[in-house]
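Read through the structure below, which is laid out as structure tokens, and then see the notes.
Here is how names work: the chains are called A, B, and so on, in the same order as the sequence lines, proteins then strands, and each is numbered from 1.
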Amino acid sequence: MNISFDDLHKAFESRIRLGIMSVLAVNDSLDFTSLKEFLDVTDGNLATHIKKLEKEGFIGVEKSFIDNKPNTKYSMTSKGKKAFDHHLKALEQIIKSQKES
Amino acid sequence: MKEKRDYIQDIAEIRSMMEKSSKFASLSGWAGILAGIYAFSGAYAAYSLFDFNPNQLFYTSPNLPAITLLAAGVLVLALVTAIYLSWRKAHKRNETIWNTTSKRLLVHMAIPLFTGGALILLLTAHGLIGLAAPLTLLFYGLALINAGQFTIPEVNFMGCIQIILGLISVWFIEYSLLFWVTGFGAVHIIYGIYMHFRYER
């Protein structure tokens, strides 16, 4: 086997974080509520995972106000996109090599 | 180390999240079928009750206000049906109807539709009533293609058919009502039946 499991990024071990990245990969930016709806998770759970991805520098946060209510938009950074693409490639490679062996 | 199944599941999850967050999938086949039936009834009523059958670009009819009302009625009925059935379908799948994907779909449909609607009203004011039916087909087709990328691929295909029908009917203006019924009636019904069997059973 020539690919290493190190190629899989630790940040994407959680299904929810993987889900957040997948959703942001196909949407320019999304607010908290939309993310929550797509992923079907609780507020606290989502906030924790977002914070972790933010720390990694994989997602960017833009805070603003709409009708005096706070509105936070999340989007994927270029660093995040690179890491996510790399992770996807590694996943595909692992599946392929496991099929062959 | 994780098992192999886990990774396949990861990929499946990524794919489904991307689908779910970029495409609105709650369009109902029944909405298409019913819209088609409304279109047939509306066109039949316009033709037989109000004697409406434009045979040239400049066309006058004494029943124009009634026909405009009839057309608006058919449109509203079709919209209400589509919204209600989509809401029901989304509800069954435990999704909300008013989300990022549906908003995007609506905005992309609304721009060509409002442009077309305004143009038709302006042309009607100048007496170019014959163009009304072909232009509804054309702009509806453009709206479907514009919005098609945010929903199932069949919508794109239906848009192409409406545009082709619209263009042909400008040439054969004396048959424009027939082309209109084909596009809004027959195509909708065929599309609805196809959708129903492909996605809803």
Side-chain angles (χ1 to χ4, degrees), chain A residues 1 3-41 46 49 53 66 71 73-76 80-81 83-101, chain B residues 1-28 83-111 145-156 199:
Chain A
M1 216 156 78
I3 16 92
S4 133
F5 283 86
D6 296 340
D7 281 327
L8 293 175
H9 203 289
K10 280 219 174 60
F12 301 141
E13 257 168 22
S14 137
R15 279 275 158 75
I16 295 174
R17 287 202 286 274
L18 201 58
I20 295 172
M21 293 302 277
S22 312
V23 170
L24 288 177
V26 289
N27 289 279
D28 287 343
S29 74
L30 285 174
D31 59 15
F32 193 85
T33 322
S34 308
L35 269 178
K36 203 178 82 174
E37 263 176 34
F38 287 137
L39 293 157
D40 203 16
V41 287
L46 180 60
H49 287 296
L53 287 170
I66 294 178
N71 181 279
K73 292 219 155 200
Y74 301 94
S75 57
M76 201 183 247
K81 182 158 178 20
F84 184 64
D85 287 346
H86 189 74
H87 184 80
L88 273 183
K89 228 167 255 161
L91 274 181
E92 276 166 16
Q93 284 291 327
I94 289 171
I95 290 167
K96 213 189 271 170
S97 69
Q98 280 175 337
K99 250 182 213 158
E100 280 160 9
S101 59
Chain B
M1 201 192 279
K2 285 197 206 170
E3 291 290 311
K4 175 188 171 188
R5 265 220 325 270
D6 251 341
Y7 294 121
I8 293 178
Q9 192 59 41
D10 272 6
I11 293 262
E13 183 84 10
I14 290 169
R15 189 166 297 160
S16 104
M17 287 314 300
M18 284 179 166
E19 276 286 314
K20 193 176 159 190
S21 67
S22 62
K23 297 206 185 287
F24 183 69
S26 294
L27 289 175
S28 157
I83 292 169
Y84 171 70
L85 291 174
S86 292
W87 173 80
R88 228 180 47 170
K89 194 169 164 184
H91 194 70
K92 253 190 231 160
R93 296 152 58 114
N94 256 330
E95 288 169 14
T96 48
I97 184 172
W98 191 237
N99 60 22
T100 318
T101 56
S102 66
K103 278 180 214 166
R104 219 165 6 198
L105 184 75
L106 278 182
V107 169
H108 282 80
M109 275 202 87
I111 295 168
I145 289 177
N146 205 31
Q149 48 186 319
F150 305 114
T151 181
I152 48 166
E154 286 82 351
V155 167
N156 243 321
Y199 294 104

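- Within a 6.0 Å radius of OH in B:Tyr84, no more than 12 heavy atoms belonging to other residues, nucleotides or ligands are found.
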Please assess A:Ser22 against B:Glu13 for the test side-chain hydrogen bond (donor to acceptor under 3.5 Å, both in side chains), listing each intermediate value before the final yes or no.
-> CA-CA 9 Å; A:Ser22 312; B:Glu13 183 84 10; over 6 Å; no
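- Each of B:Ile8, B:Asp6, B:Ile11 was checked for a side-chain contact (heavy atoms from CB on, under 4.5 Å) with A:Leu91, and the lone residue meeting it is B:Ile11.
- Using a 4.5 Å heavy-atom threshold, the side chains of A:Val26 and B:Lys20 count as separate.
- For the residue pair A:Phe84 and B:Ile14, the shortest heavy atom distance occurs at CZ-CG2, 4.0 Å.
- Annotation: the span from B:Ser16 atom OG to A:Phe38 atom CZ amounts to 11.5 Å, rounded to 0.5 Å.
- A:Asp28 contributes atom CG, which lies 12.0 Å from atom OG1 of B:Thr100 (distance to the nearest 0.5 angstrom).
- There is no contact between B:Arg15 and chain A, counting heavy-atom distances below 4.5 Å.
- Neither the backbone nor the side chain of A:Leu35 comes within contact range of chain B, judged by heavy atoms closer than 4.5 Å.
- In this structure, B:Lys103 places its NZ atom where more than 12 heavy-atom neighbours from other residues, nucleotides or ligands lie under 6.0 Å away.
- To the nearest 0.5 Å, the span separating CG on A:Leu39 from OG on B:Ser21 amounts to 8.5 Å.
- No more than 12 heavy-atom neighbours from other residues, nucleotides or ligands sit within 6.0 angstrom of CG on A:Asp40.
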side-chain contact (heavy atoms from CB on, under 4.5 Å) evaluation trace for A:Leu8 with B:Tyr7 = CA-CA 11 Å; A:Leu8 293 175; B:Tyr7 294 121; 3.4 Å; yes
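- For the atom pair CE of B:Met17 and CZ of A:Arg15, the computed distance is 12.0 Å after rounding to the nearest 0.5 Å.
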